[in-house]
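Reviewing the structure listed below.
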Amino acid sequence: MRFDVLTLFPELIQSHLNFSIMKRATEEGIIEVNTINPRDYTLDKHKKVDDTPYGGGAGMVLAPQPYVDAYEGVNKEGNSITIMMTPQGEPFTHEISKELAQYDQIIILCGHYEGFDERIREIIKPREISIGDFVLTGGELPALSVIDSISRNIEGTLGKIESAHDDSFSDGLLEYPQYTKPREYRGLEVPEVLLNGNHKLIEEFRQEQKIARTKAKRPDLYKKWLKQQ
């Protein structure tokens, strides 16, 4: 999987790749993350990539020329998709993460300030993605969230792809509670069923816990899950 990220702050993207699972995945060649700075494509001698909005209003708008030229300069794979990180996009979900993991290349547009000149959308025609109903300073943190989530669904990132199968949302439910040593801590003990080695009972317990936890914490997900049963 190759990610090509158009960003004004490539350091924000690259720094995330220096730690933990993402570092190992990039070092082993499971994923590749490249950054492209639209400032390198601007025709403005001051490297300016934004300007005041037509019609008035606060803030600055990202100009089309640097972003379109930067995008067109990316080498496209045959099986690729372009996404734009924006609060106006469709909500990012586990299902979308698994869907996007089937591509060989994902090009991501990160915005800033008051957002993109509309002609960037019209020319590039990206799939618009949002990570929630809130606004951030820029698209880098959402892009990193998307990259991290998609990478977990790629064979080899987690060592064993099965590690992702019990994650929250993998089957429409939240994950069951997890325990490790010690067996007792401050009067709280690990449930006995997890200690007896009976895998059938353990699976039944975990499924019960997933259902109960989802019903209590995310009744919206629980109702959706019930309809699918």
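Fair warning: this is a prediction, and the values are worked out from it, not measured in the lab. When a residue number appears, it is its place in the shown sequence, counting from 1.
- S20 places no side-chain N or O within donor-acceptor distance of the main-chain N or O of M22, the cut-off being under 3.5 Å.
- P87 places none of its side-chain heavy atoms less than 4.5 Å from the side chain of F134.
- Under the 4.5 Å side-chain criterion, counting only non-hydrogen atoms from C-beta, I106 is in contact with M1.
- For the residue pair L12 and L144, the shortest heavy atom distance occurs at O-CD1, 3.6 Å.
- When atom types are taken as modelled, the side chain of T157 and the backbone of A25 share no donor-acceptor pair closer than 3.5 angstrom.
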* salt bridge (charged side-chain N to carboxylate O under 4.0 Å, His left out) assessment of D4 paired with K76 -> CA-CA 10 Å; D4 292 291; K76 313 296 194 303; over 6 Å; no
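- Rounded to the nearest 0.5 angstrom, M84 CE and F116 CZ are separated by 4.5 Å.
- Here the CD1-CD1 distance, from I108 to I150, works out to 6.0 Å after rounding to the nearest 0.5 Å.
- Counting only distance, with no hydrogens or angles, the side chain of E77 and the backbone of S80 share no donor-acceptor pair below 3.5 Å.
- Contact of the V74 side chain with the L6 side chain is registered, since non-hydrogen atoms from C-beta on lie closer than 4.5 Å.
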* Evaluate salt bridge (charged side-chain N to carboxylate O under 4.0 Å, His left out) for E208 paired with R213, printing each intermediate quantity in order. => CA-CA 8 Å; E208 291 169 358; R213 177 163 286 193; over 6 Å; no
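- Residues V61 and V68 do not share a hydrophobic cluster, defined by chaining ILVMFWY side chains whose heavy atoms lie under 4.5 Å apart.
- Summarising the geometry, atom CG belonging to D117 is positioned 11.5 Å from atom CG belonging to D50; distances are rounded to the nearest 0.5 Å.
- Looking at K125, its side chain does come within 3.5 Å of a backbone N or O of E122 through a donor-acceptor pair.
- If you take OH on Y179 and CG on L195, they are separated by 10.5 Å, rounding to the nearest 0.5 Å.
- The side-chain heavy atoms of D171 and K210, taken from C-beta on, include a pair separated by under 4.5 Å.
- If you chain together hydrophobic residues whose side chains sit under 4.5 Å apart, I13 and L62 never meet in one group.
- For K98, the NZ atom sits in a packed shell: over 12 heavy atoms of surrounding residues, nucleotides or ligands are nearer than 6.0 Å.
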* Would S97 and F92 count as a side chain to side chain contact (heavy atoms under 4.5 Å, CB included) if you check the C-alpha gap in whole Å, the side-chain angles of each, and the deciding distance to 0.1 Å? -> CA-CA 7 Å; S97 178; F92 186 65; 3.6 Å; yes
* **Worked check of salt bridge (charged side-chain N to carboxylate O under 4.0 Å, His left out) between E175 and R206** => CA-CA 9 Å; E175 187 178 8; R206 286 176 169 172; over 6 Å; no
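- Taking 4.5 Å as the limit, every side-chain heavy atom of H16 sits out of range of all side-chain heavy atoms of K23.
- In summary, of the residues considered (I202, L201, L194), a side chain to side chain contact (heavy atoms under 4.5 Å, CB included) with N198 occurs for L201 alone.
- L100 and I81 get closest at one heavy-atom pair: CD2-CD1, 3.9 Å.
- Checking side-chain atoms of D69 against main-chain N and O of P64 turns up no donor-acceptor pair under 3.5 Å.
- Here the closest heavy-atom approach between residue Q105 and residue N75 is recorded as NE2-O, 2.9 Å.
- Looking only at side-chain heavy atoms (C-beta outward), F205 and P191 come within less than 4.5 Å of each other.
- Each of D148, N153, I147 was checked for a side chain to side chain contact (heavy atoms under 4.5 Å, CB included) with S151, and the lone residue meeting it is I147.
- Remark: C110 SG to F9 CZ distance equals 11.0 Å, nearest 0.5 Å.
- When the shell of 6.0 Å around CZ of R127 is examined, it contains more than 12 heavy atoms from other residues, nucleotides or ligands.
- Few gaps surround CG on N18; more than 12 heavy atoms of other groups in view lie less than 6.0 Å from it.
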* To do: Check the pair R2 / I31 against side chain to side chain contact (heavy atoms under 4.5 Å, CB included), numbers first and verdict last.
  => CA-CA 6 Å; R2 183 176 122 206; I31 64 170; over 6 Å; no
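- With hydrogens and angles left out, the side-chain atoms of T82 and Y71 include a donor and acceptor closer than 3.5 Å.
- Taking both residues in full, the closest heavy atoms of W225 and Q207 are given as CZ2-NE2, 4.2 Å, listed atom of the first, atom of the second, then distance.
- Of the N and O atoms on the side chains of H112 and E140, at least one donor lies less than 3.5 Å from an acceptor on the other residue.
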* Give the C-alpha distance, both sets of side-chain angles, the deciding distance and a yes or no for side chain to side chain contact (heavy atoms under 4.5 Å, CB included) between I124 and L109. => CA-CA 10 Å; I124 297 177; L109 305 177; 4.0 Å; yes
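- Interatomic distance, CG of N37 versus CG of L8, reported as 5.5 Å (0.5 Å rounding).
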* For salt bridge (charged side-chain N to carboxylate O under 4.0 Å, His left out), just list the numbers for E118 and R121, CA-CA rounded to whole Å, side-chain angles, deciding distance to a tenth of an Å, and then say yes or no. => CA-CA 5 Å; E118 188 64 21; R121 285 185 170 90; 3.4 Å; yes
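- Counting only heavy atoms from C-beta outward, the side chains of E90 and I96 approach each other to under 4.5 Å.
- When side chains are defined from C-beta on, E128 does not count as touching I83, because their heavy atoms never get closer than 4.5 Å.
- Taken together through direct or relayed side-chain contacts under 4.5 Å among Ile, Leu, Val, Met, Phe, Trp and Tyr, I129 and Y67 form parts of separate hydrophobic clusters.
- Neither I36 nor V33 shares a network with the other; the hydrophobic side chains, linked directly or stepwise wherever heavy atoms of I, L, V, M, F, W or Y lie under 4.5 Å apart, form separate groups for each.
- Under the 4.5 Å side-chain contact rule for hydrophobic residues, L141 and Y113 do not share a cluster.
- Shown here for M85 and P142, the closest heavy-atom pair between the two residues is CE-CB, 3.6 Å.
- Side chain of S149 to backbone of V146: no donor-acceptor contact under 3.5 angstrom is found.
- Among all heavy-atom pairs drawn from I120 and A63, the shortest one is CD1-O, 3.7 Å.
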